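What follows is a set of notes on a single structure, which appears directly below.
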Amino acid sequence: MDVEDFLADLNKSQRDAVTYTDGASLVVAGAGSGKTRVLTYKIAYLLLQGISPHAILSLTFTNKAAREMKLRIAAVVGDAVAKRLWMGTFHSIFSRILRSEAECIGYPSSFTIYDSADSKSLLKSIMKEMQLDDKTYRLNMVQSRISNAKNALVTSGSYQSNKDLIAGDISSKVPLIHEIYTRYQNRCKQAGAMDFDDLLLQTNILFRDHPAVLEKYRGHFQYILVDEYQDTNSAQHMIIQRLSEIHQRICVVGDDAQSIYSFRGANIDNILKFKQIYNNCQVFKLEQNYRSTQTIVNAANSLIDKNTEQIPKTVFSENAVGEKIKVTASYSDYEEGYAVASGILELQENKSYDFSHFAILYRTNAQSRILEEALRKRNIPYRIYGGLSFYQRKEIKDVLAYFRMIANPHDEEALKRIINYPTRGIGDTTMKKVFTAAMEYQVSPWNVISDPQAYNLAVNNGTQNKLRVFSALIESFRDLASNLNINDLATLVVKQSGLSALLYQDRSVEGISRQENLQELLKGISEFCDIKREEGEEETYVGDFLAEISLMSDQDTNTDENRDQVTMMTVHAAKGLEFKNVFVVGLEEELFPSSMNKDNYKAIEEERRLFYVAITRAEEHCFLTYAENRYLHGKSNFCTPSRFLKDIDPSYLQMAEGRGRSFASERNTYNSPLKQPHQAYSQTIVSTENKTNVTTERLKSIPTNTLNSVSIDFAKGLTSGTRIRHDRFGDGKVLTLECSQSDKNDIKVKVLFNHFGEKQLLLKYAKFTILE
DNA sequence: GGCCGGGGCATTTTT
DNA sequence: TGCCCCGGCC
């Protein structure tokens, strides 16, 4: 492929950022400025320069981002090459490395990954064992202190000797955090488990304590790229720094103005101070916004300008000027919902938008209920994002817990979940004894259960027998697991554990839904095996499956995106997305900014960035609404308009007629609700004048290079050029067929799919039909 | 072991 | 207001 042609799709600064590959670089990418585009092109560019895909490490924050990027790169360089890239989330890439180096740091390579619920449950047990008052030691607080420590690379050992932390805990009246942390860490290790934070912390420990291992990966990863750098925490930053220290070929991309995850340990200084850490660092600024109207971009700029700590940049748009941002006051949260619903319907009718062109963004999930009600009353289809993800549902976690016990029986949290589910007469009393014995002998509860006598477990013969039956069940699964693929194993486990019988005797609505979820899981497992098989892996075992899904979130499982629905989500969840029309609701003091952050200047700046993220999601229309009264925790509260509304240059705003007060001068002076005429609903938000045609530049599809490998034109009626429809990848065209020399039935088909780029499929497993 | 009711509580959550 | 957790009771 011609490199010049390929670069012609980029603007000057994007091109400069892509082609600079000699040393460290920071790409400051304003909202909507083609950040992902630069990353994908840069990787493709490196590959076209002849760099091995193997030598490129590229890190993202979500699986979805990694997958999409891989797909786009595959469209340029082909699936086979893209597949060999080290591309994924920090957590998935480093869990992979940790698995292969696990024994250096004393973990089994089949270690379990504890999700946040597992780690909560373990902490709860520990605090109970320590007889701590759970009102003083609040679970969420304890968990976040430990998590913050890990993200700041403070191990349990260094926590204990850190005077500031200890003093801080004493003054917060929780002096025993260090003790909880130490016990927690020991228990995780005993269970052969790492929590999400461990994946980063242990990687650092591995690299710190094993120079040879570090050298190996340093040599391996010749180029390192990191997306969303503003959201990295210290642990991630340190891993990157260690790996890139020698060659300095690191490129980080991000936008300091969109750093909104400090509460999860993200450290905005990582991006602000990047230049100081890497001398000779080149800075590229992507300042042209291709997403939004000029008005939206300018309004967002005027807002973020009020923050003090930021990298100077001038984001601009050459799109249409667009309409002003409409600000609407409503009497109550209820009417705010009504106003939003009316706004959607009106705009939709006037400009023939689909429902899927709208998003409603809010600060807290609790706000969704009332909005949902308003939309439902007006028959507006919607989809709420957030809430329990598929893998967090009880019935799913139960099945997965059996798998976890099979892969790693020392997994204490999995054991707790299933030992008496379905009921086997092993109750709390027995388990308490088991845990006490486990602690006394410094072994895992599984060790105790599988050999009670060795650990002097004081239980009667009946109980001993029950334990024996349970451990025999798990052992029998474990015996099978090494020769049985996960698909067959899953069917067997669900049946023999008694789970399916239990689930299927419940005929209630919820029960039926649980059964459906179980079926969904089994279907998912079967598809997972199919995918692996098509990619050339004959069998997938329980460990492979767990390794993959324990780092998946609901973001990855969202299917049926094609429905025409209004999107409702928190502002946090909307990061990285874009919509033609955006409603940002609940712009009130105490809510946005959140009351928890109002006294802290840094926190207020983060809330302001959050608002910036919200506004910049909009391509064509942006609406801001607030209510004067809102139900919160069961009682009605008077609300003051958000201070952030005053931060936006008023020339980009339009107050909804009739009720558009100047909140700038009237804070706290609006009429009391009693004096307010109880008019039914607020003014509708949309004005029909100023129809502007906003043209948003769409990313051009990446051109595909041609292939020239030898084709063997037979097998199932396929020849190169045949159009097929694949069950999952949709329509595509066969490029080549290739027959393995050892096995004539082993035919690989390269197909160029319209939406998924180039894929290599194994003919005997691929599910497709021939078109024409 | 499962069900019911009272009390306390309440952001945001890429992994 | 509504959810979750715990403790008490059957």
Side-chain angles (χ1 to χ4, degrees), chain A residues 59-67 88-95 113-121 124 128 134-135 138-141 143-144 147 150-151 194-201 203 227-233 235-236 254 258-266 333 361-370 385-389 391-392 420-430 548-556 569-577 586 590-598 603 606-607 609-611 613-614 630-637:
Chain A
L59 298 163
T60 60
F61 274 79
T62 61
N63 294 305
K64 199 173 153 206
R67 203 166 43 228
T89 62
F90 272 91
H91 292 82
S92 72
I93 294 287
F94 294 109
S95 70
I113 295 171
Y114 275 177
D115 69 11
S116 167
D118 294 320
S119 97
K120 266 204 177 101
S121 154
K124 206 191 242 170
K128 218 170 217 163
D134 59 3
K135 286 181 187 69
R138 291 231 312 282
L139 188 57
N140 286 322
M141 180 269 292
Q143 189 183 33
S144 86
S147 172
K150 287 187 175 185
N151 288 329
M194 295 201 196
D195 64 18
F196 288 142
D197 303 320
D198 274 329
L199 296 176
L200 307 172
L201 176 63
T203 301
D227 193 10
E228 307 276 19
Y229 203 70
Q230 75 282 355
D231 290 327
T232 50
N233 59 37
Q236 290 163 325
Q258 295 185 61
S259 167
I260 55 173
Y261 280 103
S262 75
F263 69 94
R264 289 182 57 103
D333 46 2
L361 307 182
Y362 34 79
R363 177 70 243 263
T364 66
N365 283 310
Q367 291 165 260
S368 68
R369 281 182 78 97
I370 204 147
Y385 289 76
L388 264 201
S389 86
Y391 290 107
Q392 287 170 340
N420 206 26
Y421 187 81
T423 43
R424 303 186 171 90
I426 305 171
D428 284 349
T429 325
T430 307
E548 196 129 335
I549 63 120
S550 45
L551 291 171
M552 287 234 262
S553 71
D554 51 334
Q555 307 273 325
D556 302 309
M569 53 171 59
T570 62
V571 183
H572 281 93
K575 203 183 93 179
L577 306 179
E590 313 284 306
L591 185 61
F592 200 169
S594 158
S595 58
M596 311 226 171
N597 290 337
K598 64 181 167 184
E606 178 151 323
E607 294 270 327
R609 291 193 294 268
L610 189 58
F611 187 32
V613 168
R630 179 176 298 275
Y631 260 84
L632 206 65
H633 309 325
K635 59 175 196 286
S636 182
N637 296 279

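These numbers were taken from a predicted model, which means no experiment stands behind them. Letters go in sequence order (proteins before strands), and every chain restarts at 1.
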Rounded to whole angstroms, how far apart are [atom1] on [X] and [atom2] on [N]?
X: A/L551; N: B/dT14; atom1: CG; atom2: C1'; result: 12 Å
X: A/H572; N: B/dT15; atom1: NE2; atom2: P; result: 14 Å
X: A/Y391; N: B/dT13; atom1: OH; atom2: P; result: 20 Å
X: A/Y421; N: B/dG1; atom1: OH; atom2: P; result: 14 Å
X: A/N140; N: B/dT11; atom1: CG; atom2: C1'; result: 11 Å
X: A/I549; N: B/dT15; atom1: CD1; atom2: C1'; result: 13 Å
X: A/M141; N: B/dA10; atom1: CE; atom2: C1'; result: 16 Å
X: A/D428; N: C/dC6; atom1: CG; atom2: P; result: 11 Å

Is [X] touching bases, backbone alone, or none of the nucleic acid, heavy atoms closer than 4.0 Å?
X: A/D197; result: nothing
X: A/R363; result: base
X: A/N420; result: sugar-phosphate
X: A/E228; result: nothing
X: A/S594; result: base
X: A/Y261; result: base
X: A/Y631; result: nothing
X: A/K124; result: sugar-phosphate
X: A/R138; result: sugar-phosphate

Within the side chain of [X], is there an N or O that forms a donor-acceptor pair under 3.5 Å with the backbone of [Y]?
X: A/Q143; Y: A/S119; result: no
X: A/N420; Y: A/I426; result: yes
X: A/T203; Y: A/L199; result: yes

Listed nucleotide nearest any side-chain atom of [X], set [options]:
X: A/F263; options: B/dT14, B/dT15, B/dT13; value: B/dT13
X: A/T423; options: B/dT13, B/dT15, B/dG2; value: B/dG2
X: A/H91; options: C/dC3, B/dT15, B/dG8; value: B/dT15
X: A/H633; options: B/dA10, C/dG2, B/dT14; value: B/dA10
X: A/N63; options: B/dC9, B/dT15, B/dT13; value: B/dT15
X: A/M596; options: B/dT11, B/dT14, B/dA10; value: B/dT11
X: A/F61; options: B/dT14, B/dT15, B/dT11; value: B/dT14
X: A/T62; options: B/dT15, B/dT12, B/dC9; value: B/dT15

Taking only the side-chain nitrogens and oxygens of [X], find out if one of them lies under 4.0 Å from OP1 or OP2 of [N].
X: A/S116; N: B/dT13; answer: no
X: A/N365; N: B/dA10; answer: no
X: A/R630; N: C/dT1; answer: no

request  = Quote, to the nearest angstrom, the P distance that separates B/dT13 from C/dC4.
outcome  = 16 Å
query = Say you pick atom P in C/dC5 and the same atom in B/dT12; how far apart are they, in whole Å?
reply = 16 Å
message = Under the criterion salt bridge (Lys or Arg N to Asp or Glu O under 4.0 Å), I'd like the reasoning laid out for A/K575 against A/E228: C-alpha separation, chi angles, the key distance, then a yes or no.
response = CA-CA 11 Å; A/K575 203 183 93 179; A/E228 307 276 19; 3.4 Å; yes
query = Which residue, A/L361, A/I260, A/N597, forms the side-chain contact (heavy atoms from CB on, under 4.5 Å) with A/L610?
reply = A/I260
query = Should A/H572 and A/Y261 count as side-chain neighbours, where that means a heavy-atom distance under 4.5 Å?
reply = yes
query = Given side chains that start at C-beta, do those of A/H91 and A/Q236 come closer than 4.5 Å, heavy atoms only?
reply = yes
task = Would you kindly compare A/S550 and A/I260 by the position of their nearest DNA chain B nucleotide and give the one closer to the 5′ end?
result = A/I260
note = By nearest-heavy-atom nucleotide on DNA chain B, the more 5' of A/G427 and A/T89 is A/G427
request  = Go through the structure and list residues passing salt bridge (Lys or Arg N to Asp or Glu O under 4.0 Å) with A/D118, not counting sequence neighbours.
outcome  = A/K397, A/R404
query = Is B/dT11 in the syn range, within 90° of 0, or in the anti range?
reply = syn
key: Base B/dT14 paired with A/R264 side chain (donor-acceptor, <3.5 Å)   = no
